[in-house]
*Asks:* 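This structure is in structure tokens; I'll ask about it shortly.
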Amino acid sequence: MHIQLSPLRSLNLDATLCCGQAFRWVKRGDWWYGVVGDRVLKVRQIARRLESENADLAFVEDYFGLTDDLQRILSSITKDKHIGQAVEAFRGLRILHQEPWECLISYICATYKNVPAIMQTIQRLSKSFGSLLTLDGQQFFAFPTPESLANSTVRGLEECGLGYRARYVSETARRIHETGLDLGRLRRVDREEARRELLNLPGVGPKVADCVLLFSLGKLEAFPVDVRIRRALLRHYSEHLAKELVKRVSDGRSLSSSEYEKLSRFGREYFGEYAGYAQEYLYHYERIRG
DNA sequence: CAAGTGCCTTTATC
DNA sequence: AGATAAAGGCACT
């Protein structure tokens, strides 16, 4: 199966898969391999041609966010030179449409870790508690179900490298499994309400909630603020922020919740309804350019 | 190569 | 409200 990408429907597959939004993709040669749901996806991009194995057109279009009007989104968020440079550098980077359960647990595991460590943790979690999948004679593992994680021991989770996050994952999984909470339902409620629900779960603070809203619930205005975005805002946007706030968040301390909300609200108000896209371009640009 | 620093933070406590 | 500390372990320098 292949999709011919027009300039109006551009995609930068490498940037999309290595920018740190998803943790289950590896590149071997030209091909990216990733587990999505209960299938192993194999995709590559040759210029304007996107080829994939193991998935139909509708699935690929949805997962890679090809249904989003990227032209409109990028012109909407390009408010100044700096974001303009980030957009130019990675034009075609898209926000994936991830599965909410996997996204939620992944970002609980991601707190205070670096990306390679997060990928390793998710891999170990899947290997221990997910079902085996094969493609091209290689083994992959599906992300564990809520039931599987709810029934695993905290010790077993710790052994996957979760550390103190193990009890958060265990408790959140148990709650979602036992109540049958449908995270997908949150796609249909507004951002604030969905966020409040997520914040009730253990291990979920404002940053994790905003990531889940953005990467799996279609809330494109969500603006997660991690250390890197915080640095980017201080470097390039401090003239838009209250002096008092700049002073308070300039040292290495972790953000208080009110400081977090102020920075995140700035992002939403400044970049507008697609602020989450701006966040991802800034995040990736900051990673590459420092 | 060892040792120090940092990490897409959250929670508990004062 | 705001400040402070602790948390497991890996990656990078």
Side-chain angles (χ1 to χ4, degrees), chain A residues 15-25 86 90 93 95-96 98 102-125 127-128 153-173 175 195-196 198-217 219 222-235 242 244-245 247-264 267 275-290:
Chain A
T16 298
L17 294 180
C18 78
C19 70
Q21 62 177 313
F23 306 111
R24 307 226 58 205
W25 287 92
F90 308 116
L93 187 165
I95 304 285
L96 297 169
Q98 299 190 56
E102 173 170 347
C103 189
L104 170 64
I105 298 299
S106 296
Y107 278 93
I108 291 175
C109 294
T111 62
Y112 207 54
K113 273 182 181 290
N114 49 40
V115 172
I118 299 162
M119 293 179 81
Q120 182 180 226
T121 297
I122 303 300
Q123 172 65 21
R124 287 166 72 180
L125 203 57
K127 198 166 182 175
S128 297
T153 63
V154 172
R155 174 61 64 85
L157 295 170
E158 282 171 346
E159 284 169 1
C160 297
L162 269 69
Y164 60 90
R165 306 162 193 84
R167 58 198 170 89
Y168 304 144
V169 168
S170 175
E171 176 62 16
T172 288
R175 248 192 250 180
R195 192 172 197 260
R196 278 194 294 275
L198 292 170
L199 288 172
N200 286 327
L201 297 166
V204 179
K207 160 63 170 59
V208 172
D210 285 337
C211 287
V212 176
L213 291 172
L214 176 60
F215 298 132
S216 72
L217 296 174
K219 310 301 183 195
F223 194 85
V225 179
D226 69 320
V227 287
R228 196 180 299 169
I229 288 296
R230 170 182 173 179
R231 279 198 299 261
L233 293 180
L234 287 172
R235 273 185 206 164
E244 188 54 34
L245 179 64
K247 198 184 295 179
R248 287 210 314 270
V249 302
S250 288
D251 54 28
R253 286 177 16 266
S254 60
L255 294 176
S256 70
S257 68
S258 84
E259 289 160 355
Y260 180 95
E261 298 306 337
K262 287 187 174 82
L263 294 178
S264 182
Y277 259 93
Q279 189 271 2
E280 209 50 23
Y281 277 85
L282 291 175
Y283 177 84
H284 195 44
Y285 194 59
E286 192 75 6
R287 174 149 75 152
I288 304 298
R289 297 286 302 270

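Proteins come first, then strands; the chains are lettered A, B, ... in the order of their sequence lines, and each starts at number 1.
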*Asks:* In whole angstrom, give me the gap between the C1' atoms of B:dT5 and C:dG8.
*Replies:* 15 Å
*Asks:* So A:Y107 and A:F215, would you call those rings parallel, tilted or perpendicular, with 30° and 60° as cut-offs?
*Replies:* parallel
*Asks:* Across the strands shown, which category fits A:R167 at heavy-atom distances under 4.0 angstrom: base, sugar-phosphate, nothing?
*Replies:* nothing
*Asks:* Starting at SG of A:C211, measure out to CD1 of A:I108 and round the result to the nearest 0.5 Å.
*Replies:* 11.5 Å
*Asks:* Which of these nucleotides, B:dC8, C:dC10, B:dC7, is closest to any side-chain atom of A:I118?
*Replies:* B:dC8
*Asks:* With rounding to the nearest 0.5 angstrom, report the CD1 to NZ distance, A:I95 to A:K219.
*Replies:* 14.5 Å
*Asks:* Quick one: CG on A:L199 to CG on A:D210, what's the gap to the nearest 0.5 Å?
*Replies:* 8.0 Å
*Asks:* Figure out the CG/C1' separation between A:L255 and B:dT10, and round it to whole Å.
*Replies:* 12 Å
*Asks:* Whole angstroms only, please: what is the CD-P distance between A:E259 and B:dT9?
*Replies:* 15 Å
*Asks:* State the CZ-CG distance between A:F90 and A:L282, to the nearest 0.5 angstrom.
*Replies:* 10.5 Å
*Asks:* For the side chain of A:P116, starting at C-beta, report the closest nucleotide among C:dG8, B:dT11, C:dC12.
*Replies:* C:dC12
*Asks:* Tell me which residues in residues 205-212 of chain A put a heavy atom below 4.0 Å from DNA chain B, sorted by number, or none.
*Replies:* A:G205, A:P206, A:K207, A:V208
*Asks:* When all nucleic acid strands are considered with a 4.0 Å heavy-atom cut-off, which category describes A:G161: base, sugar-phosphate, or nothing?
*Replies:* nothing
*Asks:* Are A:R165 and A:L157 close enough that some pair of their side-chain heavy atoms sits under 4.5 Å apart?
*Replies:* no
*Asks:* May I ask you to say what A:S256 touches in the nucleic acid, namely base, sugar-phosphate or nothing, with a heavy-atom cut-off under 4.0 Å?
*Replies:* nothing
*Asks:* Rounded to whole angstroms, how far apart are CG on A:N114 and C1' on C:dT13?
*Replies:* 13 Å
*Asks:* Starting from P on C:dG2, measure out to NZ on A:K262 and report it in whole angstrom.
*Replies:* 6 Å
*Asks:* Which value, rounded to the nearest 0.5 Å, describes the distance between A:R195 atom CZ and A:L213 atom CG?
*Replies:* 7.0 Å
*Asks:* Output the rounded distance in Å from CG (A:N200) to P (B:dT10).
*Replies:* 14 Å
*Asks:* Return the value, rounded to whole Å, for the distance between atom OH of A:Y164 and atom P of B:dT10.
*Replies:* 9 Å
*Asks:* Under 4.0 Å, counting only non-hydrogen atoms across every strand here, what does A:Y260 touch: a base, just sugar-phosphate, or nothing?
*Replies:* nothing
*Asks:* Output the single nucleotide from C:dC10, C:dA3, B:dT9 whose closest atom is nearest the side chain of A:Q120.
*Replies:* C:dC10
*Asks:* Counting a pair only when it is Watson-Crick or G-U and both distances are under 3.5 Å, which runs of at least 3 such pairs involve DNA chain C?
*Replies:* B:3-7 with C:9-13, B:9-14 with C:2-7
*Asks:* Please state whether the phosphate of B:dC7, meaning OP1 or OP2, lies under 4.0 angstrom from any side-chain nitrogen or oxygen of A:R230.
*Replies:* no
*Asks:* Considering only side-chain heavy atoms of A:S258, which listed nucleotide, B:dC8, C:dA7, C:dG2, is closest?
*Replies:* C:dG2
*Asks:* In whole Å, I'd like the distance from the CD atom of A:E159 to the C1' atom of C:dG9.
*Replies:* 14 Å
*Asks:* How long is the gap from CG on A:L96 to CG on A:L17, to the nearest 0.5 Å?
*Replies:* 6.0 Å
*Asks:* Whole Å only: how far is the CZ atom of A:F23 from the C1' atom of B:dC7?
*Replies:* 12 Å
*Asks:* Taking the basic N atoms (NZ, or NE/NH1/NH2) and the acidic carboxylate oxygens, is any pair closer than 4.0 Å for A:E259 and A:K262?
*Replies:* no
*Asks:* Regarding A:E159 and A:R155, does a basic nitrogen lie under 4.0 Å from an acidic carboxylate oxygen?
*Replies:* no
*Asks:* Taking atom P in both B:dC8 and C:dA6, compute the distance separating them and give it to the nearest angstrom.
*Replies:* 22 Å
*Asks:* Would you kindly compare A:L201 and A:F215 by the position of their nearest DNA chain B nucleotide and give the one closer to the 5′ end?
*Replies:* A:F215
